[in-house]
Amino acid sequence: MLYTSTRGNAPARSLRELLRRGTAEDGGLYVPETWPELTPGELSALGGRPYDQIASDVLALFGGAEWQQCDFTAGIRHALAGFERNDGPPLTCLDDQLWSMELFHGPTLAFKDYALAPLAEAIDRELALTGNRATVLCATSGDTGAATANAFAGRARANAVILFPEGRVSDVQRKQMTCLGAANVQAISVRGDFDDCQSIVKSLYQSEAAEKYSYTAVNSINLARVLLQTAYYICASVKIRNACGQPVNFAVPSGNFGNVFAGYIAKQMGAPIGKLIVTSNENDVLPRLFETGRMSKAETIPTLSPSMDIQVSSNFERMLWILKGNDGAATRDMQEQLARHSYYELSQAEHSRLTETFGAMKCGKGDALDTMRRIHETFGKIICPHSATGYFAANQLKATLDGPVVVAETTHPAKFPTAVEEALGTLPDTPARLEELFARDEEFATIDATVEAVQGVIDEKFGTPCY
Ligand SMILES: *Cc1c(COP(=O)(O)O)cnc(C)c1O
């Protein structure tokens with residue numbers, strides 16, 4: 001099974017090769033030409049397995065024979081079995097139309113762990129098989145960086161470089177990236193926003209140093225990561241459909257469109273999924289696109305839910321390619337227009353195809369705080385400000401949907417104590433592993449938002465002697 005670039009102008013590659021490659025040489029993202037489609041019986045069987053096996057089986061379906069021969073499965077299962085809750089994300093029926101899926105029971109308390117912990121194992125295995133080393137680059141709005149730093153700390157064959165926007169991540173998130181004391185992890189505070197961090201990382205892949213350092217992407221532009229997230233949509237939709245007999249809708253707090261795109265893949269594979277609702281904070285590039293058919297960039301505004309403070313949703317390029325009928329040249333034209341003129345427009349047919357599967361809703365600060373209070377009063381449940389956007393949309397849209405809505409709770413409320421305090425007047429309990437973190441010293445560089453400055457830090461830290 002081979003993967004092609006959304007911009008149609010890069011060599012086709014296997015999933016194994018994609019482990020160490022985020023973007024394609026033509027600037028596009030790798031996508032499967034066809035989705036493995038499962039019969040309803042096969043899907044039910046898959047969804048009923050232990051969670052670590054669902055995840056490794058999904059990857060094996062996409063990886064083909066070569067993947068199985070190289071035995072990536074053991075590492076993936078090992079990473080997920082080590083989670084505090086190793087039976088997959090907990091699913092709770094809150095009322096007959098509303099379920100929660102808590103995606104924050106991994107080591108750094110955000111959904112990113114479900115993909116990054118097993119991805120790090122798989123990358124390590126691939127590096128060992130080929131006798132290589134790599135430098136993992138990660139632009140983060142907070143949670144990806146924490147999960148990446150944690151997943152790669154102490155690994156012998158990979159270094160990790162984490163770029164986060166200065167002052168725009170929570171204290172907990174920053175400490176999760178800067179207090180690991182691992183010689184192979186470098187955190188960098190960038191004087192800019194998340195989109196600056198992401199664009200620097202993209203430039204570094206295309207730079208001269210890329211070969212010397214074997215730069216590797218673990219942002220959600222890395223297809224393996226999105227595929228690993230598909231597992232929880234399969235697991236949850238099968239279990240909940242079995243419980244209530246209806247297809248299941250998901251409300252997914254979104255930024256880069258990676259998590260919700262994993263849900264789309266699950267649906268393409270045959271999972272019993274109705275609609276996928278994309279939710280945002282004031283940075284509503286996606287809800288505007290879904291409403292109007294026009295993708296247009298705006299300034300990124302700092303909000304209550306910083307992990308979603310994004311205006312360039314990289315993974316949407318994969319969806320655009322699908323809407324364009326897998327036409328690389330047409331996708332490239334649109335992306336170039338977006339880069340040059342900060343907008344593009346979908347045709348009416350593309351727009352209606354998009355909204356057949358997806359809905360979207362923006363949730364501003366007042367609505368998010370109200371929702372955090374309402375969920376606490378009604379269900380005794382403390383939620384984070386990101387998850388609040390999902391609960392808000394679920395409440396607004398439930399009357400229009402067939403079947404229950406599952407809200408993807410993307411992170412633990414203790415990562416955002418200030419927002420919780422503002423909503424509820426009390427602080428959330430701090431899990432023991434965060435308490436321990438606060439006692440440690442932080443280590444990070446602070447620099448301007450330029451490619452050269454970041455490369456300078458990397459040269460200083462990792463320039464000798466390994467490469
Ligand atoms: C990363 C993140 C998101 C956004 O997910 P995407 O895959 O970028 O759409 C939402 N909420 C939290 C807490 C996150 O960490």
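Whatever order the structure lists them in is the order used to number ligands and atoms, beginning at 1. Numbers here are sequence positions counted from 1. Predicted, not measured: the structure shown is a model, and the values here were computed from it.
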Please enumerate all residues that pass ring-ring contact (aromatic ring centres under 6.0 Å, His included) together with F83, with sequence neighbours excluded.
Y114
On a heavy-atom basis, the closest approach of Q198 and N256 is OE1-ND2, 3.0 Å
Kindly print each ligand 1 N/O atom paired with any protein N/O atom under 3.5 angstrom away, one pair per line, or none if nothing qualifies.
unit_1: ligand 1; atom_1: 7 (O); unit_2: G258; atom_2: N; d: 3.2
unit_1: ligand 1; atom_1: 7 (O); unit_2: N259; atom_2: N; d: 2.8
unit_1: ligand 1; atom_1: 8 (O); unit_2: N256; atom_2: N; d: 2.7
unit_1: ligand 1; atom_1: 9 (O); unit_2: G255; atom_2: N; d: 2.8
unit_1: ligand 1; atom_1: 9 (O); unit_2: N256; atom_2: N; d: 3.2
unit_1: ligand 1; atom_1: 9 (O); unit_2: F257; atom_2: N; d: 3.0
unit_1: ligand 1; atom_1: 11 (N); unit_2: T410; atom_2: OG1; d: 3.0
unit_1: ligand 1; atom_1: 15 (O); unit_2: K112; atom_2: NZ; d: 2.6
unit_1: ligand 1; atom_1: 15 (O); unit_2: D143; atom_2: OD2; d: 2.5

Holding to ring-ring contact (aromatic ring centres under 6.0 Å, His included), I want the full list of residues that pass it with F250, two or more places apart in sequence or in another chain.
Y233
Checking the side chain of T92 only, and the main-chain atoms of L94 only, is there a donor and an acceptor separated by less than 3.5 Å?
no
Cut-off 3.5 Å, no hydrogens considered: what does the side-chain donor-acceptor table look like for residues 29-37, sequence neighbours left out?
unit_1: Y30; atom_1: OH; unit_2: P11; atom_2: O; d: 2.8
unit_1: Y30; atom_1: OH; unit_2: R13; atom_2: NH1; d: 2.5
unit_1: E33; atom_1: OE1; unit_2: T4; atom_2: OG1; d: 3.4

When you check the side-chain N and O atoms of N283 and T300, is any donor under 3.5 Å from an acceptor?
no
